[in-house]
Amino acid sequence: MKTPNPYIPTKALLRTIFKMSEDNYLFQFTVEPGTIGRCMPGQFLEVWIPGVGECPISVCSDSMDGLIELCVHRTGRVTDALFKMEEGDWLGLRGPYGTGYPVEKMEGNNIILVAGGLGIAPIRSLLQYILHRRERFGDLIIAYGMRHSLDLLFRHEMTSLYSRNDMHLFIGAEEVDFPEIPPIHAQLGRVTDMLRMAQFDGTYLAAVCGPPVMYPFVIRELKEGGITENNIFLSLERHMKCAIGKCGHCFVGGVYACKEGPVFPLEDLRFIPEVVECVNC
Ligand SMILES: Cc1cc2nc3c(=O)[nH]c(=O)nc-3n(C[C@H](O)[C@H](O)[C@H](O)COP(=O)(O)OP(=O)(O)OC[C@H]3O[C@@H](n4cnc5c(N)ncnc54)[C@H](O)[C@@H]3O)c2cc1C
Ligand code: FES
């Protein structure tokens, strides 16, 4: 029997577009049930726009079969073309790919989620996963940092979380604060300042996603708080092409980020430039 071509995408209907900020939109797609499998938090899809190309984008919700949400920052060729599409248009999706956050290991434990900027996309998927199964997890903390409060993504959802009594939310921006959120939950400051406000200890597992520049600082805070390297999980976004471990574009520090990652425990990242200085910190 002929092996199916792994590069052929599934046809996806662009159902809804939400503008979250000037250059960050939430796109909702539907695909035929069963064509794109269950997307776990931290996994990604390849988005294909005919005549333009492909790029990897993280799933940003605890997806149901057939419905897919992607939070996209307009940055280059493919994302620019996606931003020009309209509801009712079609494109291609393939995946899901990669390892997600280790939700089974996380069950029964206290969890701290750490997001910087667009890193909230896969972290939101994990957050929804946990909230949909809240009784299976222990204490829950979210530390979410961004440059400007106007960059707060999923604003309505995020600002409504602070009133929940089963989790602790810390949102920080480097410029301007958030008048709609009480200061105990949202302040001027970086994500590391938010981590210092949060009370966690070595009983927590941490899931982190954000720009590489934030990783050493975040890792230092998490380790100072008592979390060990095997309980810190980072998403590493590398330049990717095939997404299935064939082309070598994402090969870094001895691993294929597309296949063995993008989520790794810190203890496996001793040779990755953005975290190496922190392995012994
Ligand atoms: C696992 C994974 C998950 C991801 N998840 C998300 C997500 O959820 N949301 C999201 O928005 N993004 C996500 N990304 C990032 C996204 O895949 C990249 O931003 C991707 O490059 C966008 O494709 P593009 O064609 O629009 O941009 P590209 O055209 O590839 O441009 C990307 C960047 O490179 C620069 N660039 C392009 N060509 C050149 C050149 N010739 N010389 C110099 N600079 C150049 C551009 O200015 C831009 O800053 C993810 C990436 C990975 C690996
Ligand atoms: S993207 Fe081709 S090997 Fe990872």
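Count residues from 1 along the sequence. Numbering of ligands and ligand atoms starts at 1, following listing order. These numbers were taken from a predicted model, which means no experiment stands behind them.
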**OP:** Around atom 28 (P) of ligand 1, find the nearest protein heavy atom and jot down its residue, atom name and distance.
**Re:** Gly76 CA, 3.8 Å

**OP:** Would you mind checking which non-hydrogen protein atom is closest to atom 3 (C) of ligand 1, with the distance to 0.1 Å?
**Re:** Ser58 OG, 3.3 Å

**OP:** Decide whether an N or O pair under 3.5 Å exists between Ala121 and ligand 1.
**Re:** no

Original post:
Taking the side chain as C-beta and beyond, is there a heavy-atom pair between Cys71 and Met20 under 4.5 Å?
Top reply: yes

Subject >> Side-chain heavy atoms of Leu70 within contact of Cys60, under 4.5 Å >> reply: no

Subject >> Shortest protein heavy-atom distance from atom 20 (C) of ligand 1, along with the residue and atom involved >> reply: Cys55 CB, 4.0 Å

Original post:
Parallel under 30°, tilted from 30 to 60°, perpendicular over 60°: which one fits the rings of Phe27 and Phe83?
Top reply: perpendicular

Subject >> Salt-bridge criterion met for Lys241 and Glu54 (N-O under 4.0 Å) >> reply: no

**OP:** Please say whether Val72 places an N or O atom under 3.5 Å from an N or O atom belonging to ligand 1.
**Re:** no

Original post:
Counting each atom of ligand 1 from 1 as listed, which ones have a heavy atom of Phe44 under 4.0 Å away?
Top reply: 1 (C)

**OP:** Return the set of residues passing salt bridge (Lys or Arg N to Asp or Glu O under 4.0 Å) with Asp62 (not counting sequence neighbours), or none when no residue passes.
**Re:** Arg38, Arg133

Subject >> Within-cutoff protein neighbour (heavy atom, under 4.0 Å) for atom 37 (C) of ligand 1 >> reply: no

Subject >> Arg77 N/O to ligand 1 N/O under 3.5 Å >> reply: yes

Original post:
Is any heavy atom of the protein nearer than 4.0 Å to atom 48 (C) of ligand 1?
Top reply: yes

**OP:** Check ligand 1 against Leu118 and write out every atom of the ligand that is under 4.0 Å from a heavy-atom position of the residue.
**Re:** 9 (N), 10 (C), 11 (O), 12 (N)

Original post:
For ligand 1, does His73 get within less than 4.0 Å through its side chain, its backbone, both, or neither, judged by non-hydrogen atoms?
Top reply: both

Original post:
How does Pro122 reach ligand 1, by side chain, by backbone, by both or by neither, if only non-hydrogen atoms under 4.0 Å count?
Top reply: neither

Original post:
What protein heavy atom sits nearest atom 9 (N) of ligand 1, and how far off is it?
Top reply: Cys71 O, 2.9 Å

Original post:
For atom 18 (C) of ligand 1, which candidate among Thr75, Asp80, Thr79, Asn24 provides the closest heavy atom?
Top reply: Thr75

**OP:** Without swapping roles, check the side chain of Arg136 against the backbone of Glu107 for a donor-acceptor pair under 3.5 Å.
**Re:** no

**OP:** For Arg238, take its heavy atoms, then give the atoms of ligand 1 lying under 4.0 Å from any of them.
**Re:** 53 (C)

**OP:** Give a yes or no on whether the backbone of Ala173 and the side-chain of Arg147 come within a donor-acceptor separation of less than 3.5 Å.
**Re:** no

Subject >> atom 34 (O) of ligand 1 within contact range, any protein heavy atom under 4.0 Å >> reply: no

**OP:** Decide yes or no for Leu140 and Leu127: does some side-chain heavy atom of the first lie under 4.5 Å from some side-chain heavy atom of the second?
**Re:** yes

Original post:
Given the protein's heavy atoms, is any one of them under 4.0 Å from atom 24 (P) of ligand 1?
Top reply: yes

**OP:** For the pair Arg124 and Glu157, find out whether any cationic side-chain nitrogen is under 4.0 Å from an anionic carboxylate oxygen.
**Re:** yes

Original post:
Is the ring centre of Tyr256 less than 6.0 Å from the ring centre of Phe251?
Top reply: yes

Original post:
So, Asn109 side chain and Ile111 main chain: donor-acceptor pair closer than 3.5 Å or not?
Top reply: no

**OP:** May I ask you to decide if Pro265's main-chain N or O and Asp268's side chain share a donor-acceptor pair within less than 3.5 Å?
**Re:** no

Original post:
Does atom 5 (N) of ligand 1 have any protein heavy atom closer than 4.0 Å?
Top reply: yes

Original post:
Counting heavy atoms not belonging to Arg94, are there more than 12 under 6.0 Å from its CZ?
Top reply: yes

Subject >> Ionic contact status for Glu229 with Lys223, cut-off 4.0 Å >> reply: yes

Subject >> Beyond-backbone contact of Arg74 with Asn24, side-chain heavy atoms, under 4.5 angstrom >> reply: no

Subject >> For atom 12 (N) of ligand 1, closest protein heavy-atom neighbour >> reply: Ile57 CD1, 3.5 Å

Original post:
Does any N/O atom on Leu236 come nearer than 3.5 Å to any N/O atom on ligand 1?
Top reply: no

Subject >> Heavy-atom protein neighbour under 4.0 angstrom from atom 40 (C) of ligand 1 >> reply: no

Side-chain polar contacts of residues 194-205 - donor-acceptor pairs under 3.5 angstrom, sequence neighbours left out - could you list them?
unit_1: Arg196; atom_1: NE; unit_2: Glu221; atom_2: OE2; d: 3.0
unit_1: Arg196; atom_1: NH1; unit_2: Asp193; atom_2: OD1; d: 2.9
unit_1: Arg196; atom_1: NH2; unit_2: Glu221; atom_2: OE2; d: 3.0
unit_1: Asp201; atom_1: OD1; unit_2: Thr203; atom_2: N; d: 2.9
unit_1: Asp201; atom_1: OD1; unit_2: Thr203; atom_2: OG1; d: 2.5
unit_1: Thr203; atom_1: OG1; unit_2: Asn110; atom_2: ND2; d: 3.0

Subject >> Heavy-atom check, side chain of Ile244 versus side chain of Tyr97, under 4.5 Å >> reply: yes

Original post:
What do you think, any protein heavy atom under 4.0 angstrom from atom 43 (C) of ligand 1?
Top reply: no

Original post:
Which residue and non-hydrogen atom of the protein lie closest to atom 16 (C) of ligand 1, and at what distance in Å?
Top reply: Pro56 O, 3.5 Å

Subject >> Atoms of the protein (N/O/S only) found under 2.8 Å from atom 2 (Fe) of ligand 2 >> reply: Cys242 SG, Cys247 SG

Original post:
For Glu87, which residues count as a salt bridge (Lys or Arg N to Asp or Glu O under 4.0 Å) partner, sequence neighbours excluded?
Top reply: none

Original post:
Short check: is a protein heavy atom less than 4.0 Å from atom 14 (N) of ligand 1?
Top reply: yes

